[in-house]
Amino acid sequence: MKKDKKIPTATKAKSYTFFEDVYDVVRQIPKGRVTSYGAIATYLGTKLSARMVGWAMNAAHNAKPAVPAHRVVNRNGMLTGKHHFATPTLMEELLKREKIEVKKETVVDFEKLFWDPSEALAL
DNA sequence: GCATTGACGAAGG
DNA sequence: CCCTTCGCCAATG
């Protein structure tokens, strides 16, 4: 198969692999769990570029199947990306739907709900 | 082609 | 303990 997926402005088949990896990892996040950009970045080996993970999520809006970006928060457990959703409250709604408590734009018991890809996917 | 920004993170003051 | 700065890499202006 082929496929060039459809990553906008990904400079042809080259760096867009990074996007695929991010999407793949995020989709594997168990329901009712959350993770951080840094954790994903670290798993991909780009821990020094956690920002790129967030950047990838930006393109994830167009990715299919839709990437559960609502399960991805910053290292503080804060829903920093909620403003990028269809509505600023959508992210909280989705999390609460998975029994995840959200208080003041922050995931409650973030440490317990934290899902580490490096551990789950264990290489 | 250079300057700015960005869904982050860690370190310094 | 809170705020500011730097780093990283890619995209956008």
Side-chain angles (χ1 to χ4, degrees):
Chain A
M1 5 179 304
K2 48 213 20 294
K3 5 296 330 0
D4 292 88
K5 287 278 177 122
K6 284 182 133 227
I7 308 299
T9 60
T11 317
K12 285 175 173 209
K14 190 110 177 247
S15 313
Y16 85 98
T17 326
F18 177 78
F19 289 72
E20 285 190 341
D21 289 337
V22 175
Y23 302 153
D24 189 47
V25 173
V26 176
R27 288 196 204 104
Q28 293 179 68
I29 300 175
K31 183 179 176 185
R33 291 292 180 116
V34 292
T35 190
S36 63
Y37 304 96
I40 298 171
T42 302
Y43 171 70
L44 297 177
T46 57
K47 63 179 181 180
L48 296 179
S49 317
R51 309 176 105 167
M52 298 297 88
V53 178
W55 204 241
M57 309 258 60
N58 199 11
H61 278 281
N62 192 46
K64 288 179 245 166
V67 178
H70 62 275
R71 292 180 187 152
V72 185
V73 295
N74 69 357
R75 69 115 181 153
N76 198 20
M78 195 175 209
L79 283 57
T80 47
K82 60 182 291 181
H83 299 292
H84 291 260
F85 282 74
T87 59
T89 55
L90 179 61
M91 192 170 183
E92 293 182 39
E93 292 295 300
L94 292 171
L95 290 172
K96 288 180 180 178
R97 182 177 295 180
E98 301 188 2
K99 305 297 183 285
I100 298 177
E101 288 186 79
V102 178
K103 181 73 71 172
K104 301 287 200 316
E105 302 178 38
T106 305
V107 176
V108 180
D109 295 322
F110 173 64
E111 296 177 56
K112 293 198 303 184
L113 298 174
F114 185 78
W115 180 81
D116 189 339
S118 300
E119 185 180 306
L121 302 181
L123 39 143

> Which one, B/dA7, C/dC8, C/dA10, comes nearest to the side chain of A/H84?
Replying inline: B/dA7
> Can you tell me how far P in B/dT4 sits from the matching atom in C/dT5, rounded to whole Å?
Replying inline: 15 Å
>> Any side-chain to backbone donor/acceptor pair from A/T46 onto A/A41? Under 3.5 Å, distance only.
In response: yes
>> Taking side chain to side chain contact (heavy atoms under 4.5 Å, CB included) as the criterion, tell me which of A/E93, A/R97, A/E98 meets it with A/H70.
In response: A/E98
> More than 12 non-hydrogen atoms from neighbouring residues, nucleotides or ligands closer than 6.0 Å to CD on A/Q28, yes or no?
Replying inline: yes
> Just how far, in rounded Å, is P of B/dG9 from NZ of A/K47?
Replying inline: 14 Å
>> Under 4.0 Å, heavy atoms only, any strand: does A/R51 hit a base, just the sugar-phosphate, or nothing?
In response: base
>> Without decimals, in angstroms, what is the distance between A/N62 CG and B/dA7 P?
In response: 18 Å
>> Just the rounded figure in Å: distance from P of B/dG9 to CZ of A/F110.
In response: 8 Å
> For the side chain of A/F85, counting heavy atoms from C-beta on, which of B/dG6, C/dC9, B/dA7 is nearest?
Replying inline: B/dA7
>> Counting the atoms with a prime plus P, OP1 and OP2 as sugar-phosphate, which does A/N58 contact under 4.0 Å by heavy atoms, base, sugar-phosphate, or nothing?
In response: base
> A/F18 CZ to B/dA7 C1': how many Å, rounded?
Replying inline: 12 Å
> Taking atom C1' of B/dA10 as reference, at what distance in whole Å does atom CG of A/N74 sit?
Replying inline: 13 Å
>> Heavy atoms only, 4.0 Å cut-off, all strands: where does A/H61 land among base, sugar-phosphate and nothing?
In response: base
> With no hydrogens and no angle check, is any side-chain donor or acceptor of A/T106 less than 3.5 Å from a backbone partner on A/G77?
Replying inline: no
>> In whole Å, I'd like the distance from the CZ atom of A/F19 to the P atom of B/dG6.
In response: 16 Å
> Can any side-chain N or O of A/R71 pair as donor or acceptor with the backbone N or O of A/I29 at less than 3.5 Å?
Replying inline: yes
>> Classify A/A60 by what it touches in the nucleic acid, base, sugar-phosphate, or nothing, heavy-atom distance under 4.0 Å.
In response: nothing
> Does a side-chain N or O from A/T80 land closer than 4.0 Å to OP1 or OP2 of B/dC8, or not?
Replying inline: yes
>> Between C1' on B/dC8 and NE2 on A/H83, what's the gap in Å once rounded to a whole number?
In response: 15 Å
> Out of C/dA11, C/dC9, B/dG9, which nucleotide sits closest to the side chain of A/M52?
Replying inline: C/dC9
> Rounded to the nearest Å, what distance is computed from the CG atom of residue A/L94 to the P atom of nucleotide B/dA7?
Replying inline: 19 Å
